[in-house]
Asker: 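The structure under discussion is supplied below as structure tokens; questions concerning it will follow.
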Number of protein chains: 2
Amino acid sequence: MLKRNLPPVHPGEILREDYINEHNLTITEVAEGLGIARANLSAIVNGRAGISPEMAVKLAEAFGNTPQFWGNLQKNYELWHAERTVNRSKIRHFWEEWKGLQPT
Amino acid sequence: MLKRNLPPVHPGEILREDYINEHNLTITEVAEGLGIARANLSAIVNGRAGISPEMAVKLAEAFGNTPQFWGNLQKNYELWHAERTVNRSKIRHFWEEWKGLQPT
DNA sequence: GTATCACGTAACATTACGCATTACAAGATA
DNA sequence: TATCTTGTAATGCGTAATGTTACGTGATAC
């Protein structure tokens, strides 16, 4: 298992570079194709909004991949930031009290 | 790849059954161990709240598994509901216009 | 050269949700 | 009976996603 030290790119950046720019699409064009507002898509690709579960489904439908793909990008992004935000120091380690029952 | 037809259990249910009940813990006890309010944990295990990224980190720290574990449970739960909520009928299939460039 | 249009982004309002605080009901215990 | 513990609901706050509206910029039409 490999620990990442570098912050994962915002899913919106991948959306912009690998799907919009790569295929010479515009934000307006894609927003219309997804049935959402331009402002909404603009916020996503600029990192000012995340990819909601509903948006993940729409993106998958439009770009021929899975909602899991977009959901994973978003989840990894959020978890990476949460891991360095949350103060773990005062959390009780229940699993150490179980001696031999720890899941992976 | 296997398509699930049955709704995934709410992550809070797994938390309650496999971690709290299984080890004879109480909501009060676990909430204190996590450093959160009882009401907060109660809402989660009763399906009235989801597991946030921050909560996933805390649960992993307390129970000896990974934030990814809890994050995946939550993501799968949300995506399953989003898939049957979102109206895909009017979404443009950009990938069909790319002919041979579809990602998996 | 000015007017119009398309495009991208910001501002605002609405809605939903995670979380803390508070209040309440039920059961156990002194 | 009174007090304490436990679980849950109600309330308020902050944050975030979304749609609508507005604004600035560049291209195109006249």
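Below, read A as the first sequence line, B as the second, and so on, with proteins coming before strands; counting in each chain starts at 1. In this text the structure is predicted, and so the values were computed from the model without any measurement.
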Asker: Using whole Å, report how far CG of Asn40(A) lies from P of dG19(D).
Answerer: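 Asn40(A) atom CG is separated from dG19(D) atom P by 5 Å.
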Asker: Determine, for nucleotides 24-30 of chain C in 5'-to-3' order, which nucleotides have protein heavy atoms under 4.0 Å from the base (write B), from only the sugar-phosphate (write S), or from neither (write -).
Answerer: -------
Asker: Taking CD1 from Ile51(A) and P from dA16(D), how many angstroms apart are they, rounded to a whole number?
Answerer: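 Rounded to the whole Å, the gap is 16 Å.
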Asker: Before we go on, tell me: are the rings of Trp95(A) and Tyr19(B) under 6.0 Å apart, centre to centre?
Answerer: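 Here the rings of Tyr19(B) and Trp95(A) have centres that are no less than 6.0 Å from each other.
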Asker: I need a per-nucleotide contact map over nucleotides 9-14 of chain D, read 5' to 3'. Cutoff is protein heavy atoms under 4.0 Å; write B for the base, S for backbone only, - otherwise.
Answerer: B-----
Asker: What is the distance, to the nearest angstrom, from the CG atom on Asn21(A) to the P atom on dG8(C)?
Answerer: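 Rounded to whole Å, this separation is 10 Å.
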Asker: Please give the remaining members of the hydrophobic cluster of Val86(B), linking ILVMFWY side chains under 4.5 Å, ordered by chain and number.
Answerer: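 Grouped by the 4.5 Å side-chain rule, Val57(A) form the rest of the cluster around Val86(B).
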Asker: Could you state the atom-to-atom distance from NZ of Lys58(A) to C1' of dA17(D) in whole Å?
Answerer: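 It is 11 Å, rounded to the nearest whole Å.
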Asker: Taking atom C1' of dA16(C) as reference, at what distance in whole Å does atom NE2 of His81(B) sit?
Answerer: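 So the NE2-C1' distance, His81(B) to dA16(C), works out to 16 Å.
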Asker: Taking CG from Leu41(A) and P from dC7(C), how many angstroms apart are they, rounded to a whole number?
Answerer: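 In whole Å, dC7(C) P lies 13 Å from Leu41(A) CG.
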Asker: Among residues at least two apart in sequence or on other chains, which ones pass ring pair (Phe, Tyr, Trp, His ring centres under 6.0 Å) with Phe94(B)?
Answerer: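 So Phe94(B) forms a ring pair (Phe, Tyr, Trp, His ring centres under 6.0 Å) with Phe63(A).
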Asker: Between Glu61(B) and Arg92(A), does any side-chain N to carboxylate O distance fall below 4.0 Å?
Answerer: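 The answer is no: the pair does not qualify as a salt bridge.
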Asker: Measure from the side-chain heavy atoms of Arg16(B) and tell me the nearest of dT9(C), dG7(D), dC7(C).
Answerer: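 Looking only at heavy atoms from C-beta outward on Arg16(B), the closest nucleotide is dG7(D).
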Asker: Can you pull the side-chain hydrogen bond (donor to acceptor under 3.5 Å, both in side chains) pairs that have at least one residue in residues 31-41 of chain B, sequence neighbours excluded?
Answerer: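 Not a single pair qualifies under side-chain hydrogen bond (donor to acceptor under 3.5 Å, both in side chains).
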Asker: How would you list, by chain and number, every residue that makes a side chain to side chain donor-acceptor pair (under 3.5 Å) with Asn21(A), sequence neighbours excluded?
Answerer: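 Result, side chain to side chain donor-acceptor pair (under 3.5 Å) vs Asn21(A): none returned.
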Asker: Thr26(A) has a side chain; which of dC7(C), dT6(D), dT18(D) sits nearest to it?
Answerer: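 The answer is dC7(C), which lies nearest to the side chain.
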Asker: Any luck finding a side-chain donor-acceptor pair between Lys75(A) and Gln68(B) under 3.5 Å?
Answerer: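 Yes, side-chain donor-acceptor contact under 3.5 Å.
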Asker: Assign the ring pair His23(A) / Trp98(B) to parallel, tilted or perpendicular, where the plane angle (0 to 90°) is split at 30° and 60°.
Answerer: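 Rings of His23(A) and Trp98(B): parallel, under 30°.
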Asker: Would you mind classifying the nucleic acid contact of Ala37(B) as base, sugar-phosphate or nothing, using non-hydrogen atoms under 4.0 angstrom?
Answerer: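 Here Ala37(B) touches the bases of the nucleic acid.
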Asker: Expressed as a whole number of angstroms, how long is the span from Glu54(B):CD to dG18(C):C1'?
Answerer: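 The distance from CD of Glu54(B) to C1' of dG18(C) comes to 9 Å, rounded to the nearest Å.
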Asker: Rounded to the Å, how far apart are His10(A) NE2 and dA16(D) C1'?
Answerer: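 For the pair His10(A) NE2 and dA16(D) C1', the rounded distance is 11 Å.
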Asker: Does any N or O in the side chain of Asn46(A) come within less than 3.5 Å of the main-chain N or O of Arg48(A), such that one atom is a donor and the other an acceptor?
Answerer: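 Looks like no, no N/O pair under 3.5 Å.
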